[in-house]
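If you read the sequence from its start, that first residue is 1, and numbering goes on from there. In listed order, ligands and their atoms are each counted from 1.
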Amino acid sequence: MMRKDTVCFNVFRFHPDNDKKPYFQKFEMPFTRKDLTVLEGLYYIQNRLDNSLAFRSSCRAGICGSCAMHINGKYRLACNTLVSKLKSNTVTIRPLAHMPILKDLFVDMKPFWEKYEHIKPYLMPGKSLPTTGERIQSPGERAKVDILIDCILCACCHSSCPVTASHEKYLGPMAFLNIDRFVSDTRDGAKAERLAIVNDEHGVWRCHTVFNCQEVCPKDLDPSGSIAHLKMEIVKNIN
Ligand code: F3S
């Protein structure tokens with residue numbers, strides 16, 4: 001029987017070199033502060049109960065996206081998830097999905113970064129813009145980009161998307177949101193090249209409009225809206 005001033009962390013464990021299969025391990029810890037975060041709980045385990053627990057974190061302020069994981073049924077950032085808000089005295093934690101597990105909650109994000117690299121996430125002059133000099137933007141043009149630039153590349157959307165699970169090469173919601181960020185930017189001149197990247201068999205047409213990506217984004221961004229925008233741009237500019 002759990003005491004009210006304690007909380008149980010039920011944590012996914014797996015060391016591919018030593019374990020035949022993954023398992024969950026329970027850790028009980030004091031729960032005397034209402035502002036205890038899931039990330040602080042993981043550090044409590046690592047510092048006081050089991051220093052072999054592996055997980056990733058960095059800024060602890062919801063900015064770097066490093067501590068994304070599956071917490072009580074949803075992909076979220078451990079650093080800004082309060083245990084008190086989970087309304088359960090058991091916190092069940094799994095690693096991000098669709099990426100190889102290196103150890104416990106620590107995954108190999110190479111497949112995710114490869115997709116980011118593939119979309120060329122930087123301004124390109126293309127054929128229509130000069131390669132030198134300033135590219136002036138009006139406040140209105142800038143506002144269209146402002147709603148897209150906040151992606152912290154945490155991979156919550158990537159992990160929650162069922163199409164990403166079944167099609168390894170599907171570019172996925174993170175890539176689409178970030179392509180839309182450049183397609184919507186008047187300082188970028190490579191729209192045709194970018195639309196061609198998402199207008200193929202692994203691109204936007206494979207999305208099943210499940211909306212998990214929009215639901216889990218810790219920055220309240222809308223990759224599904226970007227997918228709809230990219231489809232419209234493809235129809236207008238390519239076909
Ligand atoms: Fe996946 Fe989002 Fe489409 S969850 S299926 S990319 S709407």
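- A ring-centre distance under 6.0 Å is not found for Tyr44 and Phe27.
- The distance between the ring centers of Tyr170 and His202 does not fall below 6.0 angstrom.
- Linking Ile, Leu, Val, Met, Phe, Trp and Tyr whenever their side-chain heavy atoms come within less than 4.5 Å leaves Leu177 and Ile152 in two separate clusters.
- Side-chain contact annotation: Gln137 with Arg142, donor-acceptor N/O pair under 3.5 Å absent.
- A chain of hydrophobic side-chain contacts below 4.5 Å, direct or via other Ile, Leu, Val, Met, Phe, Trp or Tyr residues, connects Leu86 to Leu36.
- Relative to the six-membered ring of Phe24, Arg94 misses at least one condition, a distance below 6.0 Å or an angle of at most 45° to the axis.
- Distances from atom 2 (Fe) of ligand 1 under 2.8 Å pick out these protein N/O/S atoms: Cys213 SG.
- In terms of protein heavy-atom proximity, atom 6 (S) of ligand 1 is nearest to Tyr170 OH, 3.5 Å.
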